[in-house]
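Here's the structure we're looking at; comments come further down.
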Number of protein chains: 2
Amino acid sequence: MLTDRQLLILQVIIDDFIRYGQPVGSRTLAKKEKITFSSATIRNEMADLEELGYIEKTHISSGRVPSEKGYRYYVDHLLSPQRLTQEDMNKIKSIFAERIYELEKLVQKSAQILSDLTSYTSIVLGPAVKENKLKRLQIIPLNKETAVAIIVTDTGHVENRVITIPAAVNASDLEKMVNILNERLVGVPLIDLKDKIYKEVANVLRMHIYSYDSMLKTIGETLDIPQEEKMFFAGKTNMLSQPEFSDIQKIRSLMAMIEQEKDFYRLLRKHRQKGIQITIGRENQLSGMENCSLITATYSIGEEPLGTIAVLGPTRMEYSRVITILNRVASDLSTVLTDWYQND
Amino acid sequence: MLTDRQLLILQVIIDDFIRYGQPVGSRTLAKKEKITFSSATIRNEMADLEELGYIEKTHISSGRVPSEKGYRYYVDHLLSPQRLTQEDMNKIKSIFAERIYELEKLVQKSAQILSDLTSYTSIVLGPAVKENKLKRLQIIPLNKETAVAIIVTDTGHVENRVITIPAAVNASDLEKMVNILNERLVGVPLIDLKDKIYKEVANVLRMHIYSYDSMLKTIGETLDIPQEEKMFFAGKTNMLSQPEFSDIQKIRSLMAMIEQEKDFYRLLRKHRQKGIQITIGRENQLSGMENCSLITATYSIGEEPLGTIAVLGPTRMEYSRVITILNRVASDLSTVLTDWYQND
DNA sequence: GTTAGCACTCAGGTTGTTCGAGTGCTAAAT
DNA sequence: ATTTAGCACTCGAACAACCTGAGTGCTAAC
């Protein structure tokens, strides 16, 4: 177990390093207000902290730098909570004060404000469309062979897709079918649509529709809703200004990682628990993330969790500030959404 | 006027520099097959070429590098046309062989293939939605206050927006109005919709609809179609691997330029003429583009130009290869689109 | 007109040196 | 038993000196 003095030193080292990005030496430390003992004492303590794995040297006679274990301890035990400046508060408020009725736009704006305020990269995982409920299905013929199928959900989200209409199907059949589907399926979550069609609606369709088979196939196409939540990025290039990424190689691997959205999506999916979640450097188990930390929070409608908002920064990021901002944005976003949807 | 030998030397210098990215010296040049005279002769010719502004030295005793004027002359007069490899041809074909019915997706795929094949960044300016013709307008109420307005165009494009419904408007009025609008407005280009409504449809509406005023306002909201063509990027980070951008500063200014989409959009808009257009370095008159060239082509339906596809690379890019690819993709894309739309 | 030869230039790599920030250890002070 | 002062030591970064190689321009001979 660490002594109080060791904790103090660890905290001051990390705070200083986060602030200035330079290895911290005993002399620098000794000058700090909070530190009342001499540099020699500090050196002894630092030697212990290093042995325990909380800090590292970049070379044999350099100052110390936090290790991943050090950051981990720091975020778990040493974070000093921070208050937002009035200015930041206002910025956040101003976003949510606008009456934006489209979920996607709101979510995108949230990502924007997060990256603006933090100067890191932010990612927002949109709500899963598949859990929205069907409000209306519409098929609008374009010409003899093709039509646009449109699905509107209760959240106002619109999915659309161009489909081919089998030659055997005529316009009135199409219309009839759309009517039947709407009658039976409004209110059903998109993900259950297919199932429900085969189990409950197929019978009805067979009775009323002539070319039942090809029709069902067309419907199948239509209802292939994307399963995955959309990711919205903002400030992708903010990382270019971080001094730890002055090395072009690091930037390349980081960018490659971000572009490769699949892996990153999977990583985000691991952060679904409520509250703030932090993963540091290699904890992310994703190459390209060695020098990065990811902080996430969730937003929700009422008690129903909807999605994740996240900030990606260097391991040397301002954890406490980012956490405060993230909490704030998540809660404001949740409030707006809850307010909006529960007034139905 | 340049002599044949000077032209040969200029061409070989640029070809070599494009290939290896290193300043080209007289000795290197003398070793080339095509060059039958000695390095001393070459030095004399190079001195002349430099005086005329076609090539430059990076420092007093370095080899030569093409100047912007040199590149300009090269692309205007010296390009040796190139054939696509079978492999590249196949890749392009495979994209357009799939039956993709959505314009946006097709366009996005085209951007993707362009950046894949060239390893540069590619940009595609989508067709202007405003020129599409209205196929159907639909308003689907979500709850008492809000509704989704959906506009489907003859190209299968779907625009949608959440609108607020004035309290004075009731459901049957809404329906009636949508019917009237559809009757009168189908086939009208989106850009003319507003005009047409005020001039021709307003009268009819006034006769049939109770809360005429607030209704017209709602309709106005609905028809605020984005005026600008969408830009689709692909391979944004490809530039990171170009040796000329090993300098972090250059990358930053380049990325900042790309992120700042407005300016870039304006630049692209200047390239609307048919055929291949090339602007080199500072010809682009956009800071961040000093070391870049932009090559564009247009795609069309029949004779009707629709949009622009572009490749953004370093000034030292493989002009001839890019031009070949761009031509190919543009023409294939045009063929598919023409085929598709003229079968209406 | 072309080329060989030569003196000259400069970027970039290597080496050596110095400086300063930092360390660990020891012995004295508290 | 802690804490501190002092000292020898280490290393990176910055700088200068030097060398090399690729390249040039010019001149005189072919």
Side-chain angles (χ1 to χ4, degrees), chain A residues 1-10 12-17 19-32 34-67 70 243-244 246-248, chain B residues 1-10 12-17 19-32 34-67 70 243-244 246-248:
Chain A
M1 200 41 213
L2 298 177
T3 66
D4 281 357
R5 194 165 66 187
Q6 285 173 327
L7 290 183
L8 176 61
I9 290 179
L10 180 58
V12 177
I13 288 177
I14 300 186
D15 280 338
D16 189 270
F17 183 70
R19 180 112 181 244
Y20 302 107
Q22 294 297 325
V24 190
S26 55
R27 233 178 80 86
T28 321
L29 236 32
K31 282 189 214 138
K32 301 262 165 187
K34 292 186 187 169
I35 305 277
T36 53
F37 29 88
S38 82
S39 67
T41 311
I42 295 170
R43 282 201 289 280
N44 288 327
E45 298 285 27
M46 288 208 288
D48 290 348
L49 283 172
E50 183 170 9
E51 213 162 288
L52 292 167
Y54 292 102
I55 53 181
E56 295 166 347
K57 296 191 238 188
T58 60
H59 60 87
I60 191 123
S61 75
S62 76
R64 304 307 212 288
V65 154
S67 68
E244 26 270 283
S246 59
D247 175 11
I248 200 107
Chain B
M1 198 41 211
L2 297 177
T3 67
D4 282 357
R5 195 166 65 187
Q6 284 173 327
L7 290 183
L8 176 62
I9 290 178
L10 180 57
V12 177
I13 288 178
I14 300 187
D15 281 338
D16 188 271
F17 183 70
R19 180 113 181 243
Y20 302 106
Q22 294 297 326
V24 190
S26 55
R27 234 177 80 86
T28 322
L29 235 34
K31 283 189 211 138
K32 302 262 166 185
K34 291 186 189 170
I35 306 277
T36 53
F37 28 89
S38 81
S39 66
T41 311
I42 295 170
R43 283 201 288 281
N44 288 327
E45 298 285 27
M46 289 206 291
D48 290 349
L49 284 171
E50 183 171 8
E51 212 161 290
L52 293 166
Y54 293 102
I55 52 181
E56 294 166 347
K57 295 191 237 187
T58 59
H59 60 89
I60 191 122
S61 75
S62 76
R64 302 309 211 287
V65 154
S67 68
E244 25 270 284
S246 57
D247 175 12
I248 200 108

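The sequence lines fix the lettering, A, B, ..., with proteins before strands; numbering per chain opens at 1.
Partners of B:Ser38 by side chain to side chain donor-acceptor pair (under 3.5 Å), not counting sequence neighbours, listed by chain and number: B:Thr41. A search for side chain to side chain donor-acceptor pair (under 3.5 Å) contacts involving A:Ser246 returns nothing, not counting sequence neighbours. Applying the salt bridge (charged side-chain N to carboxylate O under 4.0 Å, His left out) criterion to A:Asp15, with sequence neighbours excluded, gives no partner residue. Looking at residues two or more places apart in sequence or on another chain, you find no side chain to side chain donor-acceptor pair (under 3.5 Å) involving B:Ser67. A:Lys57 pairs by the salt bridge (charged side-chain N to carboxylate O under 4.0 Å, His left out) definition with nothing, not counting sequence neighbours. Every residue was checked against the salt bridge (charged side-chain N to carboxylate O under 4.0 Å, His left out) condition with B:Glu56, not counting sequence neighbours, and none meets it.
B:Ser62 places a side-chain N or O within donor-acceptor distance of the main-chain N or O of B:Thr58, the cut-off being under 3.5 Å.
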Atom pairs, N/O to N/O, protein against nucleotides 28-30 of chain D, distance under 3.5 Å?
none

Can you tabulate the close N/O pairs, meaning under 3.5 Å, that link protein atoms to atoms of nucleotides 8-13 of chain C?
residue, atom, partner, partner atom, Å
C:dT9, O2, B:Ser61, OG, 2.7
C:dC10, O4', B:Ser61, OG, 3.3
C:dC10, O3', B:His59, ND1, 3.4

Response to the item:
Contact string for nucleotides 25-30 of chain C, one letter per nucleotide 5' to 3', B = base within protein heavy-atom range under 4.0 Å, S = sugar-phosphate only, - = neither, reads ------
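D:dG23 atom P lies 14 Å from atom OH of B:Tyr20, rounded to whole Å. Rounded to a whole Å, the CD atom of A:Glu45 is 11 Å from the P atom of D:dT4. Residue A:Glu51 contributes atom CD, which lies 15 Å from atom P of C:dT23 at whole-angstrom precision. Distance CE (B:Met46) to P (D:dG25): 7 Å, rounded to an integer number of Å. Across the protein-nucleic acid pair, B:Asp48 atom CG and D:dT24 atom P stand 14 Å apart, rounded to whole Å. The separation between A:Ile42 atom CD1 and C:dA21 atom P is 16 Å, rounded to whole Å. If you measure from atom CD1 of A:Ile35 to atom C1' of D:dT4, you get 15 Å, rounded to the nearest angstrom. We find that CD1 of B:Ile9 is positioned 12 Å from C1' of C:dT2, with the value rounded to whole Å.
Of the inter-residue distances, the one linking A:Leu29 atom CG with A:Ile42 atom CD1 reads 4.5 Å to the nearest 0.5 angstrom. The OG1 atom of B:Thr28 sits 10.0 Å away from the CD1 atom of B:Ile13 when rounded to the nearest 0.5 Å.
Phosphate contact (OP1/OP2 of C:dT23, side-chain N/O of A:Arg64, threshold under 4.0 Å): present. The side chain of A:Lys57 places an N or O atom within less than 4.0 Å of a non-bridging phosphate oxygen (OP1 or OP2) of C:dG24. Between B:Thr41 and C:dT3 there is a side-chain N or O to OP1 or OP2 distance below 4.0 Å.
The list of salt bridge (Lys or Arg N to Asp or Glu O under 4.0 Å) pairs with a residue in residues 19-29 of chain B, not counting sequence neighbours, is empty. Evaluation of the salt bridge (Lys or Arg N to Asp or Glu O under 4.0 Å) test over residues 41-51 of chain A, restricted to residues two or more places apart or in two chains, returns A:Arg5-A:Glu45, A:Glu50-A:Arg64.
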Discussion item. Run B:Asp247 and A:Ile248 through side-chain contact (heavy atoms from CB on, under 4.5 Å) and show every step you take.
Written reply: CA-CA 8 Å; B:Asp247 175 12; A:Ile248 200 107; over 6 Å; no
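Proximity of residues 22-30 of chain B to DNA chain C (heavy atom under 4.0 angstrom from any strand atom) is not detected for any residue.
The shortest non-hydrogen separation linking B:Gln6 to B:Leu49 is O-CD1, 3.9 Å. Of all heavy-atom pairs between B:Phe37 and B:Ala30, the closest is O-CB, 4.3 Å.
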